[in-house]
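First the proteins, then the strands, lettered A, B, ... as listed; each starts at 1. Scope of the values below: all heavy atoms of this structure, side chains included, with no hydrogens, waters or symmetry mates. The shown structure was predicted, so the numbers you read here are calculated from the model rather than taken from an experiment.
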Protein chains: 2
Amino acid sequence: MNISEAARQAGLPAKTIRYYEDIGLVTPPRDPNGYRAFRPRDLHALTFVARARSLGFTIGECRALLHLYQDPTRASADVKEIARRHLGRIDAKLAELAALRATLTDLVDACAGDQRPDCPILKGLAATA
Amino acid sequence: MNISEAARQAGLPAKTIRYYEDIGLVTPPRDPNGYRAFRPRDLHALTFVARARSLGFTIGECRALLHLYQDPTRASADVKEIARRHLGRIDAKLAELAALRATLTDLVDACAGDQRPDCPILKGLAATA
DNA sequence: TATGGGGCTTCCCGTGACAGGAAGGTCAAG
DNA sequence: CTTGACCTTCCTGTCACGGGAAGCCCCATA
């Protein structure tokens, strides 16, 4: 299977797949003409990584998860630990964004949004405190 | 005022201030020895940008906000529009993260997290659907 | 006066996870 | 045989800086 078909099935841009090969996430063999020849298991790995990425796992985590995925002697505790850590990051990010949203909402609500120059948003941003 | 003192007062790394000068956000004059000499208004601009960045505005938005900040004939509507757009991005990001969190929480909860290889997280990631 | 230790400067490379595009080889159809 | 779609590698750019090297500059102390 050529790269464009692999890309279609995995739901990834061909560019991304080449990048994943560069960093060693997949290692498809080559046809005599130099084209990448994706095997079913390469496609599985790509699909796996695509889904993990879409859940926000970093490439490093994807690599670790992929290793575990391909290791029949894995312990589910190792997988869970990676996911739990990622969940912690998500929660932290959510809290941060919620705080930003609150501050920004206050500023936006206080601003008349008309043709006059007076603007609580700018005042808030300029505040030294 | 030298860069380290400006950095201290603005709450920014000196590296970041040099970068902001590179991209034209601030233009402090130079002392005869080549050192940057930050004036009060340079410091105001730096503080302004630092706060805007901490609220998640992009550099481009900070530039626009700074222009408006320094323009006495501005309309607060222009400021509000930038902030409103940013708020929209934050809301989108919050929704996305909440969805990720839900999916990931389900997977993590379903995983025993023991020494056995059976793992719903990996199964979920491998799922074609 | 020498010297030592900061602080300042520019310049270049690296980050994460790719995207865009150039230059050129390959393949199947007409 | 040509055309056009596909494939390859390689280089550059993204965003907002951070790290570090090489080399001035300034001030205090011996």
Side-chain angles (χ1 to χ4, degrees), chain A residues 1-39 42-43 45-46 48-66 82 85-86 89-90 93 96 100, chain B residues 1-39 42-43 45-66 85-86 89-90 93 96 100:
Chain A
M1 185 190 318
N2 281 350
I3 198 170
S4 65
E5 180 60 17
R8 200 190 60 74
Q9 289 196 35
L12 288 172
K15 274 274 188 189
T16 299
I17 296 179
R18 292 198 190 97
Y19 172 68
Y20 287 170
E21 189 196 23
D22 271 359
I23 63 173
L25 279 187
V26 286
T27 51
R30 301 294 183 119
D31 281 338
N33 61 11
Y35 288 17
R36 289 170 184 82
F38 293 87
R39 299 157 295 183
D42 297 317
L43 200 56
L46 286 174
F48 182 93
V49 172
R51 284 187 56 79
R53 288 289 298 136
S54 79
L55 285 179
F57 287 101
T58 67
I59 291 285
E61 286 166 336
C62 289
R63 191 190 304 274
L65 288 170
L66 193 53
I82 294 175
R85 236 176 256 212
H86 179 35
R89 278 210 320 272
I90 289 178
K93 196 74 188 169
E96 188 191 337
L100 292 190
Chain B
M1 184 190 317
N2 281 350
I3 197 169
S4 65
E5 180 60 18
R8 199 189 60 73
Q9 290 196 35
L12 288 172
K15 273 277 191 188
T16 299
I17 295 180
R18 293 198 189 96
Y19 172 68
Y20 287 170
E21 189 194 23
D22 271 359
I23 63 173
L25 279 187
V26 286
T27 50
R30 301 295 182 117
D31 280 338
N33 60 13
Y35 287 18
R36 290 170 183 82
F38 294 87
R39 299 157 295 181
D42 296 319
L43 200 56
L46 286 174
T47 306
F48 182 92
V49 171
R51 284 186 55 81
R53 288 290 298 137
S54 79
L55 285 180
F57 288 100
T58 67
I59 290 286
E61 287 167 335
C62 289
R63 190 190 305 272
L65 289 170
L66 193 54
R85 236 175 256 212
H86 180 34
R89 278 209 320 271
I90 290 179
K93 195 76 188 165
E96 187 191 338
L100 292 190

Restricting to side-chain contact (heavy atoms from CB on, under 4.5 Å), what partner residues turn up for B:S4, sequence neighbours left out?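 Result, side-chain contact (heavy atoms from CB on, under 4.5 Å) vs B:S4: none returned.
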
Under 4.0 Å between a side-chain N or O of B:R36 and OP1 or OP2 of C:dC8?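 So the side-chain polar atoms of B:R36 never come under 4.0 Å of the phosphate oxygens OP1 or OP2 of C:dC8.
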
- Message: Taking 4.0 Å as the cut-off, does a side-chain nitrogen or oxygen of A:N33 come that near to OP1 or OP2 on D:dT8?
- Response: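 No, no such contact exists.
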
Closest non-hydrogen atom pair, [X] against [Y]:
X     : Y      : answer
B:A14 : B:A7   : N-CB, 3.9 Å
A:S54 : B:L100 : O-CD2, 3.3 Å
B:A37 : B:D31  : CB-OD1, 3.5 Å
B:V26 : B:A45  : CG1-CB, 3.9 Å

Just how far, in rounded Å, is [atom2] of [N] from [atom1] of [X]?
X     : N      : atom1 : atom2 : result
A:M1  : C:dC27 : CE    : P     : 19 Å
A:R63 : C:dA17 : CZ    : P     : 10 Å
A:F38 : D:dT8  : CZ    : C1'   : 12 Å
A:N2  : D:dT8  : CG    : P     : 7 Å
A:D31 : D:dC7  : CG    : P     : 11 Å
A:I3  : D:dA5  : CD1   : P     : 19 Å
B:L46 : D:dA16 : CG    : P     : 16 Å

message = So if I take residues 4-27 of chain A and measure heavy-atom distances to DNA chain D, which residues fall below 4.0 Å?
response =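 Output list: A:S4, A:K15, A:R18.
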
Practice task
In plain terms, say whether B:R18 and B:E21 are close enough for a salt bridge, that is, a side-chain N and a carboxylate O under 4.0 Å apart.
Solution key: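 No.
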
CZ (A:R85) with more than 12 external heavy atoms under 6.0 Å: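 Count not over threshold, so no.
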
- Query: Around A:R39, counting heavy atoms of other residues, nucleotides and ligands shown, do more than 12 lie under 6.0 Å from its CZ?
  - Reply: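 It does: A:R39 CZ has more than 12 such atoms within range.
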
- Message: Need the bend value for the helix from C:dT1-D:dA30 to C:dG30-D:dC1: angle between end axes, 5 pairs each end, nearest 10°.
- Response: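 The end axes of the helix from C:dT1-D:dA30 to C:dG30-D:dC1 are about 30° apart, to the nearest 10°.
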
| query | Between B:N33 (side chain) and B:Y35 (backbone), is there a donor-acceptor pair under 3.5 Å? | reply |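 The answer is yes, because a donor-acceptor pair under 3.5 Å joins these two groups.
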
### Nearest listed nucleotide, side chain of B:Y35, among C:dT9, C:dC18, C:dC27
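Output: C:dT9.
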
